[in-house]
Structure formats: structure tokens, C-alpha cells
Number of protein chains: 2
Amino acid sequence: MAGTRWLDEREMAAWQGFLEATSRVSRHLEQQLKEDAGLSHPHYEILVRLAAAPDGEVRMTDLAEGLFTSKSGLTYQVGQLEKRGLVERHSCPTDVRGVLAALTPEGRDVLRAAAPGHVAAVRAALIDVLEPDELDVVARALGRVGRRLRPPAQETGSSDSGGISTSSS
Amino acid sequence: MAGTRWLDEREMAAWQGFLEATSRVSRHLEQQLKEDAGLSHPHYEILVRLAAAPDGEVRMTDLAEGLFTSKSGLTYQVGQLEKRGLVERHSCPTDVRGVLAALTPEGRDVLRAAAPGHVAAVRAALIDVLEPDELDVVARALGRVGRRLRPPAQETGSSDSGGISTSSS
DNA sequence: GACAGGTTGTTCAGATTTGAATGACTGCCC
DNA sequence: GGGCAGTCATTCAAATCTGAACAACCTGTC
């Protein structure tokens, strides 16, 4: 297999830059969020998704998919949030197996308090570090990268509450 | 609180794209590496760093810094690699406290066997998905992002410094 | 030499993540 | 109606990660 195409210097720079930016941004935001609002990044993301949903509640499976995490991991995190009273669980009326995670008023308050600081941190770490044209290229390029690694796609999703429109295809 | 500059649509696209690409690429490569070579991504990166070092051995602290991980995390990972015989520990001659992690011949073999598959996966997931001009922008932009989040003091010229450009703009 | 202050790597307890197995349910086809 | 494959969320054991605490050591100053 002499056919391995190794990475040249430019490609290596992109790959290393991606790895370093990934690790550092993630770690930095994790820390900032924890100090500033007592939330982990997964916690924050869960609250955001719930707040963005039409009725403030989302099916566990949909939530896990949106957060790029495993279902068991989500069960744990939602459990933690429930203990704190930021999230509640209801069973889904149309499917007894289903569980809806719902934002409580306290959860909404915590999110409202945490959001400005988090957005500022995201700007400082990433967004405002990029030139406007870089921003667009990163959005387009990384968007494509992420989309290509999405799970095979669940067809027949036409059931009903679809709700979350995926990015304009 | 009117001072919060929320993310507009373009900025949100960049941020979400970054998050999704980050998660998916990381998870994808982790899996590919594990199936293909029985290594986790941290394991692989450790072997790469050691193989790239002049004498095939690196100080624990330097290694941790290069891998963007905590020192205790590295102790654990190197311990795992040592159990498998892929890495050895020597004490540093110039500093009794210091520990040098060194690649064993077996470790070099495992790395050599794993590298082609990993590089191919990195290409398929990220590098070859980007247009050449996108590649350069990503390298430059994310490189800057990562560099700005580096811990304050860095000396004794580590791996590469390639010129610390003061983002005077 | 002695000593304060910083560094080095490990250990420890605790939190989190993962994948496999599980129990409960749905939808569909016969 | 009954069976069968698939879905949903949880539980469990095992692996991993983190930060704080720790013991041992270096470095500079006096």
C-alpha cells in the first residue's frame, strides 16, 4: 500500500489548527460557563435546545441527536438537570415510550442569566477572532464537513411534530 | 443588559458549524481508529508525538501540553500504553522529578500500521472535503483561534512557533 | 548550606461518557 | 388476534477525564 497520500504542509496546518482550536475552544468555554453560571457545556446546550423548541419541550431522542451525544449520556445529563429543578420530564402523549424533556421556569431563568456571558465568550474565543470573509468560509466549509458525517439520515421522519428544520439544503 | 451582542445568522452558522464539525469529526475518527487499529485518539496522538521527537522520547509535561490535556489525564493514558508495551518510561537524567515517555519498537510498529488508515480517514472526513482555498482559510483562521487560547507563558521553543503574529488589527 | 517558592508527575475521589443489555412499547403483516 | 422487527429510554459495568492534594525535587537568594 504505497498509495498513502500523506498530508502536505498546508493540509497539516489545517488539521493541526482544527485540532488545537477544537480542544482549546471547547475547554475554554467549558470553564467559562462553569465559573460564570455553574453549568457544563452539555447542560447549557440542553437548556438552549429546550428554550428554542416551540413548547419548550423536546423528545429525548431528538435532543440527543441535536447534541451529538449518545442517548445514555443524555439520560444522565437530563437527570442531573432534573435534580436541580431546571428541567422536567413528561411522558409523550402520542407514544407511551417517549419522554419529553421540558424547561422549567427556573431553567429558563438560569439560561437567561447564563446566555449573555456565554455569547460573549464565544465571540471572544472564536467569532470576533475571524475576519468577516473568514467567518463565511468557516461556516460554509465546516457546515459541509459536519453534514457529511451525519448518521445515514432517518427517512420517514414525516410523522408529525418534525419542528426543527434542518439547514436549508 | 442591552449590551449583549447576540450572534446574527451568519455568526450562528459559523458557530453551529464549528460545533457540529468538531463533534462529528472527533467521534468519527475515534471510532475509525479504534476499529482499525485498536487505539483511542489520545493513544494515537501520543505515539505520533513520540515518534516525531528527536530521540523518540518526550517529557510528560511537554507531551500533555502538546495534546491539550491535563497532566493527570496523560499519566493515565501513558500508563495504559505502557501496559500494552507500546511506550516506556525513563527518568530524566537532568531532572530527577522528570519522566520521559519513550516509544518502544512495538509502539513504532503499531503506529506505522495505524497511520495510513488514520490519514485516509482524516482526509475523507475533513481535508478532502474542503476546497483548496477553504483549506488555507481554515488553517489560518483556526490557527489564530487556537493560538490565542494558549496558556500565557510558553518558552524553550516547543514543537513549532512559526512566528507569533501579533494580531494588531 | 538553608530556605521560600515554583515545578514535576502521581494518586485519589468524583463526575462523566460509552456501548451493550434490558424492558416496554409501536407498527406492520399475516 | 398474534407474531416479529424496530424504536424508545433507561440501567449497568467499565473506561476515561478532571481538579485538588501530595511528595519529591529544582532554582534562586541570602
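- The shortest distance between the side-chain N/O atoms of Gln80(B) and the OP1/OP2 oxygens of dT16(D) is below 4.0 Å.
- A side chain to side chain contact (heavy atoms under 4.5 Å, CB included) with Leu103(A) is found for one member of Val110(A), Leu47(A), Leu81(A), Val58(A) and no other, namely Leu47(A).
- When the P atom of dG19(D) is taken as reference, atom CD of Glu35(A) falls 10 Å away, rounded to whole Å.
- Between the CD atom of Gln77(B) and the C1' atom of dT16(D) there is a distance of 7 Å, rounded to whole Å.
- Atom pair Lys34(B):NZ and dT17(C):C1' shows a separation of 11 Å (rounding to whole Å applied).
- Between Arg97(B) and dG6(C) there is no side-chain polar atom (N or O) within less than 4.0 angstrom of OP1 or OP2.
- His43(B) and Gln77(B) share a side-chain donor-acceptor pair at under 3.5 Å.
- A straight line from NE2 of His41(B) to P of dT18(C) spans 16 Å, rounded to a whole angstrom.
- The residue Gly98(B) sits close only to the backbone: its heavy atoms come under 4.0 Å of sugar-phosphate atoms, none of a base.
- A sub-4.0 Å separation between OP1 or OP2 of dC17(D) and a side-chain N or O of Arg27(A) is absent.
- At dT7(C), none of the side-chain N or O atoms of Arg59(B) fall inside 4.0 Å of OP1 or OP2 (strictly under the cut-off).
- The ring of His41(B) has its center closer than 6.0 angstrom to the ring center of His118(B).
- Within 4.0 Å of Ser40(B), counting heavy atoms only, lies no atom of the nucleic acid at all.
- Along DNA chain C, the nucleotide closest to Tyr76(B) and the one closest to Leu74(A) are compared, and the more 5′ of them pairs with Tyr76(B).
- Place Asp62(B) and Pro42(A) on DNA chain C by their nearest nucleotides, and Asp62(B) ends up nearer the 5' end.
- Of all non-hydrogen atoms in Ala121(B) and Leu29(B), the two that sit nearest each other are CB-CD2, 3.6 Å.
- Separating the CZ atom of Phe68(A) from the P atom of dT16(C) is a distance of 20 Å, rounded to the nearest angstrom.
- Look at Ser70(A) and you won't find any side-chain N or O under 4.0 angstrom from OP1 or OP2 of dA9(D).
- Atom-to-atom, CG of Leu67(A) to P of dT16(C) comes out at 15 Å; the value is rounded to the nearest Å.
- Residue Arg148(A) qualifies as open at atom CZ: its count of foreign heavy atoms under 6.0 Å is 12 or below.
- If you take CE of Met60(A) and C1' of dC8(D), they are 10 Å apart, rounded to a whole angstrom.
- Contact annotation: Thr75(B) side-chain N/O to dT10(C) OP1/OP2 distance is under 4.0 Å.
- Rounded to whole angstrom, the span from the CD1 atom of Ile46(A) across to the P atom of dT16(C) amounts to 11 Å.
- For Ser72(B) against dG19(D), a side-chain N or O and a base N or O form a donor-acceptor pair under 3.5 Å.
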